[in-house]
Novice: 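Sharing a structure with you now.
All figures in this text were calculated on a predicted structure; none of them were measured in a lab. We're numbering straight along the sequence, starting at 1.
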Amino acid sequence: MIDLEKVTIRSRSVGSMDNNVYVITAKDTGAQVLIDAADDFAAIRELLAEAAGDAAAPAEVQLIITTHSHWDHVRALAEAAAATGARTAAGSEDIPDIEVPTDVPLEHGDVRAFNGFELEAIKLRGHTPGSVALLYRDPSGPAHLFTGDSLFPGGLGNTQKDPERFASLYADVFERVFEYLPDNTVVHPGHGAGTTLGAERPHLQEWKQRGW
């Protein structure tokens, strides 16, 4: 658990693909956002219950955001939406590939306000056409960026060796992440361990040259 001034961030790895599920909880109000209801709703329900204990008010999931449409990121989405009653959100271009209806289409630069915090959508096109990262700006510390499968420690997301898709993803990550945010920004990826932009920045040219 990451305990910040206004919110907590909790995560759990679920499913055969070790997907990271994240819950952001406003400490004063109990407002929650669930990022990537990937699999194993029983584990997600436990995660939400743990996060509810971080708040001074009753917790409520206000939005479930899917970072992209790939199957391993949506296996528990229908169950999570039904159980919580929360609205669902995803990048607009990915919505047709998500079986669960999407209530909120996300565009680049959209800022969604919850009761106690805001998240900014950053489109990172290439892994899928509508992949989104979610940015939380902590008022008293580094920003936190939830990158789905677009940015990991050591490189970008899989673009199936398609040079156009890689070029698109690299350009978006470079311009919309590395040129936009400082090195102390904490990266929370869709699988595996986190990192910071500062740790990854020295390798940008290496990634560009290798093409993946």
Novice: Clusters formed by hydrophobic residues whose side-chain heavy atoms approach within less than 4.5 Å: which one holds I95, and what are its other members?
Specialist: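 So far as hydrophobic clustering goes, I95 is joined with none.
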
Novice: More than 12 heavy atoms of other residues, nucleotides or ligands under 6.0 Å from CZ of F114: yes or no?
Specialist: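 Counting other residues, nucleotides and ligands, CZ of F114 exceeds 12 neighbours.
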
Novice: Donor-acceptor pair, distance only, cut-off 3.5 Å: does the side chain of N184 make one with the backbone of P142?
Specialist: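 Not confirmed, N184 side chain does not pair with P142 backbone.
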
Novice: Check V23 against A51 and note the closest heavy-atom contact, atom names and distance.
Specialist: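 Reported closest heavy-atom pair: CG1-CB, 3.9 Å.
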
Novice: Does the side chain of R137 come within less than 4.5 Å of L135's, by heavy atoms?
Specialist: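 Yes - at least one pair of side-chain heavy atoms lies under 4.5 Å apart.
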
Novice: Please work out whether the ring planes of H188 and Y22 are parallel, tilted or perpendicular, with thresholds of 30° and 60°.
Specialist: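 Geometry flag for Y22 against H188: perpendicular rings.
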
Novice: Is the shortest heavy-atom distance from the side chain of D110 to the side chain of E120 under 4.5 Å?
Specialist: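 They are not in side-chain contact.
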
Novice: Between T84 and L34, is the side chain to side chain contact (heavy atoms under 4.5 Å, CB included) condition met? List the steps.
Specialist: CA-CA 10 Å; T84 63; L34 176 65; 5.9 Å; no

Novice: Given side chains that start at C-beta, do those of L145 and I122 come closer than 4.5 Å, heavy atoms only?
Specialist: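 Side-chain contact under 4.5 Å: yes.
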
Novice: Please walk me through it: do L156 and T159 pass side chain to side chain contact (heavy atoms under 4.5 Å, CB included)?
Specialist: CA-CA 9 Å; L156 304 183; T159 52; over 6 Å; no

Novice: With side chains defined as the heavy atoms from C-beta onward, is the minimum distance between F178 and V173 less than 4.5 Å?
Specialist: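 They are in contact (side-chain heavy atoms under 4.5 Å apart), so the answer is yes.
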
Novice: Measure the shortest side-chain to side-chain distance between L197 and V177 over non-hydrogen atoms and say whether it is less than 4.5 angstrom.
Specialist: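 Yes, close enough: below the 4.5 Å cut-off.
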
Novice: Is any side-chain heavy atom of D54 closer than 4.5 Å to a side-chain heavy atom of R10?
Specialist: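 A side-chain contact exists here, since the closest heavy-atom pair is under 4.5 Å.
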
Novice: Let me confirm one number: the CG-NE2 distance from N158 to H127, rounded to the nearest 0.5 Å.
Specialist: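 Here the interatomic distance stands at 6.5 Å.
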
Novice: Looking only at non-hydrogen atoms, find the nearest pair between A31 and Q62 and report the distance.
Specialist: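 Heavy atoms only, the tightest pair is CB-NE2, 3.5 Å.
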
Novice: Would you indicate whether the side-chain heavy atoms of T102 and T66 approach each other to under 4.5 Å?
Specialist: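 Heavy-atom side-chain distance check fails, nothing below 4.5 Å.
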
Novice: Checking side chain to side chain contact (heavy atoms under 4.5 Å, CB included) for the pair V74/S69: CA distance, chi angles, key distance, verdict?
Specialist: CA-CA 7 Å; V74 298; S69 59; 5.9 Å; no

Novice: Going by salt bridge (charged side-chain N to carboxylate O under 4.0 Å, His left out), name the pairs with one or both residues in residues 57-81, residues two or more places apart or in two chains.
Specialist: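 Only D39-R75 qualify under salt bridge (charged side-chain N to carboxylate O under 4.0 Å, His left out).
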
Novice: Distance alone, cut at 3.5 Å: any donor-acceptor contact between the side chains of D36 and H73?
Specialist: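 A donor-acceptor contact under 3.5 Å links the two side chains.
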
Novice: Name all pairs fulfilling the salt bridge (charged side-chain N to carboxylate O under 4.0 Å, His left out) condition that reach into residues 92-104, sequence neighbours left out, sorted by first residue then second.
Specialist: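 Those involving residues 92-104 are E93-K123.
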
Novice: List the residues meeting side chain to side chain contact (heavy atoms under 4.5 Å, CB included) with A171, not counting sequence neighbours, and say none if there are none.
Specialist: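 Side chain to side chain contact (heavy atoms under 4.5 Å, CB included) list for A171, sorted by chain: E175.
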
Novice: More than 12 foreign heavy atoms under 6.0 Å from CH2 of W207: is that the case here?
Specialist: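 Count over threshold, so yes.
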
Novice: Locate the shortest heavy-atom distance separating A193 from P189; write the atom from each residue and the value.
Specialist: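 Closest heavy-atom pair between A193 and P189: O-CG, 3.2 Å.
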
Novice: Identify the two heavy atoms, one from I44 and one from A38, that lie closest to each other, and give their separation to 0.1 Å.
Specialist: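 Reported closest heavy-atom pair: CD1-N, 4.2 Å.
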
Novice: Could you list the residues that satisfy side chain to side chain donor-acceptor pair (under 3.5 Å) with Y136, not counting sequence neighbours?
Specialist: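 In terms of side chain to side chain donor-acceptor pair (under 3.5 Å), with neighbours along the sequence ignored, Y136 is linked to no residue.
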
Novice: Indicate whether any N or O donor in one side chain lies under 3.5 Å from an N or O acceptor in the other, for S131 and T128.
Specialist: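 Present: a donor and an acceptor within the cut-off.
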
Novice: Write down the atom of H191, the atom of D18, and the distance for their closest heavy-atom approach.
Specialist: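 Shortest heavy-atom separation between H191 and D18 comes out as ND1-O, 3.5 Å.
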
Novice: For H144, run the side chain to side chain contact (heavy atoms under 4.5 Å, CB included) check against L134, I24, V7, I2 and tell me which one passes.
Specialist: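 Result: among L134, I24, V7, I2, I2 is the only option passing the side chain to side chain contact (heavy atoms under 4.5 Å, CB included) with H144.
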
Novice: Should we count NZ of K27 as having more than 12 external heavy atoms under 6.0 Å?
Specialist: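 Yes - once you tally the heavy atoms of other residues, nucleotides and ligands closer than 6.0 Å, there are more than 12.
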
Novice: Taking I65 as the fixed residue, which of V104, T88, L119 is the one that meets the side chain to side chain contact (heavy atoms under 4.5 Å, CB included) rule?
Specialist: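 Answer after filtering V104, T88, L119: L119.
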
Novice: Please list all pairs meeting side-chain hydrogen bond (donor to acceptor under 3.5 Å, both in side chains) that have one or both residues in residues 162-171, counting only residues at least two apart or in different chains.
Specialist: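 Matches after skipping sequence neighbours: Q160-R165.
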
Novice: To the closest 0.5 Å, what do you measure between CD (E200) and CG (L151)?
Specialist: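 Result: 6.5 Å between the selected atoms.
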
Novice: Between R12 and D40, is there a side-chain N and carboxylate O pair less than 4.0 Å apart?
Specialist: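 No.
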
Novice: Does R176 reach the side chain of R125, with side-chain heavy atoms less than 4.5 Å apart?
Specialist: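 Of all side-chain heavy-atom pairs linking R125 with R176, at least one is under 4.5 Å.
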
